[in-house]
Amino acid sequence: MAELKDSYGRRISYLRISVTDKCNLRCRYCVSGKEFVLKKREEILSLEESERIARVGAALGINKIRFTGGEPLLRKGIDYLVEKISATPGISDLSLTTNGTLLKEYAARLREAGLKRINISLDTLNPARFEKMTRTRLWPQVMTGIEEALIRFDKVKLNVVAIRGTNDHEILDFVKFTRDKPIALRFIEFMPIGDNGWKPGQFISSSFVRSRIEREHELRKISQLSRSDSAELYQIEGFEGTLGFISAISQGFCENCNRLRLTADGFLKPCLSSDVEIDIKSKMRSGANDNELAELFIKALALKPREHNLLGEDGTKRRMFQIGG
Ligand code: SAM
């Protein structure tokens, strides 16, 4: 089987494909107050172009793909793309990250199309706070979406970005939410990305969140950080769900990094925190063959840094909805 390795010997097998920069939420920490311009339609990769890039990646050793955005369920034909890529030789794991608002409509179709796993992002269990945080009233739709995902998928993850002064007092409510639901809950450290207004005072480390939970519950570690999961996993006796902590800032997991990103406007991005990007769209649109596109994957790997630079000065200018998370 083909293998892609970067300059540090890490095997790269995971591609995150962003299919749109549009989102129906306006989360304050992601879409910050400053002006932004969405990409024009012709700047966004067509479904066929995304599929082709995935196919080229699969031939090189990519076996895992995640769709993201923006909100990927806003992209017309996402189920078609899932179906096409799930039939691509070499792809064994297909997942999608969504804000959940459209899952009632899409979960069954996505499952049928071949999607294996779903990650839902939700940062508050309080509808009024949701409105404040996302500038929308779509909280009930997310809750319905979670229920639907639990019916249609065996594996549902719920991602919570913990932010001091915003949702930190809900940590135990989220834990309680997984008592009778087979949800893999994951607390994510809040990262400074693309001038999103991140302030050190808003940051809560995973170890803080964990110790808050440990005041009420005994946690049993069930897995370490690994190449296949960037979260450490824990279980609470009697709970259906599991708990995980994604600690990009306090712990980092770059030595296990196995991923590349493809932005919706067609750039291969070797690292979330850096603006180094490879323009695969222009090359493809100027008639490149698959071998030439494969060379761009190799080039992207050569530019993959050893570690992220999330707290440094020369971070990415793109905001998270323009990368895909
Ligand atoms: N719309 C989809 C969703 O909500 O999951 C996919 C795109 S969204 C940008 C992907 C993930 O990035 C979400 O879980 C979101 O909470 C997370 N995210 C956005 N900005 C972040 C930040 N500054 N730090 C940590 N996570 C962030």
Side-chain angles (χ1 to χ4, degrees), residues 16-34 36 38 65-75 78 95-103 106-107 110 115 117-124 129-130 133-136 138-139 141-142 145-146 149 156-164 166-168 170 174 183-200 202-206 209 230-231 244-253 259 261-264 269 272-273 308-311 315-325:
R16 291 192 174 190
I17 300 181
S18 173
V19 291
T20 181
D21 57 352
K22 289 189 192 140
C23 190
N24 53 349
L25 301 185
R26 285 283 173 273
C27 300
R28 290 179 189 276
Y29 65 83
C30 184
V31 187
S32 55
K34 293 183 189 145
F36 65 91
L38 290 174
I65 285 185
R66 170 178 302 282
F67 299 102
T68 177
E71 173 44 43
L73 300 188
L74 287 177
R75 180 69 196 261
I78 179 72
S95 57
L96 177 141
T97 299
T98 170
N99 61 34
T101 53
L102 297 165
L103 273 180
Y106 273 98
L110 291 169
L115 195 74
R117 301 183 292 115
I118 210 133
N119 285 16
I120 302 172
S121 309
L122 176 66
D123 300 321
T124 174
R129 189 162 304 115
F130 184 92
M133 289 181 79
T134 69
R135 296 177 268 209
T136 74
L138 294 172
W139 186 84
Q141 282 85 332
V142 181
I146 292 173
V156 176
K157 292 180 180 168
L158 188 66
N159 290 339
V160 181
V161 179
I163 306 177
R164 193 181 303 283
T166 299
N167 61 357
D168 48 330
E170 290 194 55
F174 271 107
I183 285 179
L185 175 65
R186 289 129 47 98
F187 288 100
I188 298 180
E189 287 180 347
F190 181 34
M191 300 179 281
I193 299 273
D195 201 15
N196 66 341
W198 184 93
K199 294 185 188 67
Q202 296 174 303
F203 176 73
I204 314 178
S205 68
S206 291
V209 176
S230 39
F245 302 93
I246 301 188
S247 321
I249 304 275
S250 69
Q251 233 179 318
F253 36 82
R259 63 191 64 159
R261 293 179 165 83
L262 175 64
T263 64
K269 210 169 160 55
L272 172 69
S273 78
H308 71 63
N309 181 28
L310 282 165
L311 296 180
T316 180
K317 289 183 189 54
R318 286 183 187 256
R319 283 174 261 181
M320 202 65 133
F321 67 95
Q322 295 161 324
I323 304 172

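Count residues from 1 along the sequence. Order of listing sets the numbers, starting from 1, for every ligand and every atom in it.
Residue D123 has no N or O atom closer than 3.5 Å to an N or O atom of ligand 1. For a threshold of 3.5 Å applied to N or O pairs, the pair formed by N159 and ligand 1 contains no separation below that value. Polar contact check, C23 against ligand 1: no nitrogen or oxygen pair lies under 3.5 Å apart. Taking only nitrogen or oxygen atoms, main chain and side chain alike, N196 reaches within less than 3.5 Å of ligand 1.
With rounding to the nearest 0.5 angstrom, the CG atom of N24 is 4.5 Å from the CG atom of L74. With rounding to the nearest 0.5 angstrom, the OG1 atom of T98 is 10.0 Å from the CG atom of N119. Note that NZ of K269 is 13.0 Å distant from CZ of R16, once rounded to the nearest 0.5 Å. Note that OG of S273 is 9.0 Å distant from CD1 of I249, once rounded to the nearest 0.5 Å. Separating the CZ atom in F321 from the SG atom in C30 is a distance of 6.5 Å, to the nearest 0.5 Å. Note that OG1 of T20 is 11.0 Å distant from CD of Q322, once rounded to the nearest 0.5 Å.
Ranked by closest heavy atom to atom 24 (N) of ligand 1, the top entry among R16, K157, M191, K22 is M191. When the heavy atoms of P192, S121, G70 are ranked by distance to atom 2 (C) of ligand 1, first place goes to G70.
Shortest contact from atom 19 (C) of ligand 1 to any protein heavy atom: M320 CG, 3.3 Å. Looking only at heavy atoms of the protein, atom 26 (N) of ligand 1 is closest to V161 CG2, 3.5 Å.
Proximity of T68 to ligand 1, defined as any heavy-atom pair under 4.0 Å, is confined to the side chain (atoms from C-beta onward). Of all the heavy atoms of N99, the ones lying under 4.0 Å from any atom of ligand 1 are found in both the backbone and the side chain.
Between W198 and F190, the ring planes are tilted. Angles from 30° to 60° get that label. Taking the six-membered ring for Trp and thresholds of 30 and 60 degrees, F245 and F187 have nearly parallel ring planes, at less than 30 degrees apart.
Within ligand 1, the atoms closer than 4.0 Å to a non-hydrogen atom of T98 are 2 (C), 3 (C), 4 (O), 5 (O), numbered from 1 in the order shown. For ligand 1, the atoms sitting less than 4.0 Å from at least one non-hydrogen atom of E189 are 25 (C), numbered in the order shown with element in parentheses. For ligand 1 and Y29, the ligand atoms under 4.0 Å from any heavy atom of the residue are 15 (C), 16 (O), 18 (N), 19 (C), 20 (N), 21 (C), 27 (C).
Between the side chain of N167 and the backbone N or O of I163, at least one donor-acceptor pair lies under 3.5 Å.
Contact annotation: R319 has no heavy atom less than 4.0 Å from any atom of ligand 1.
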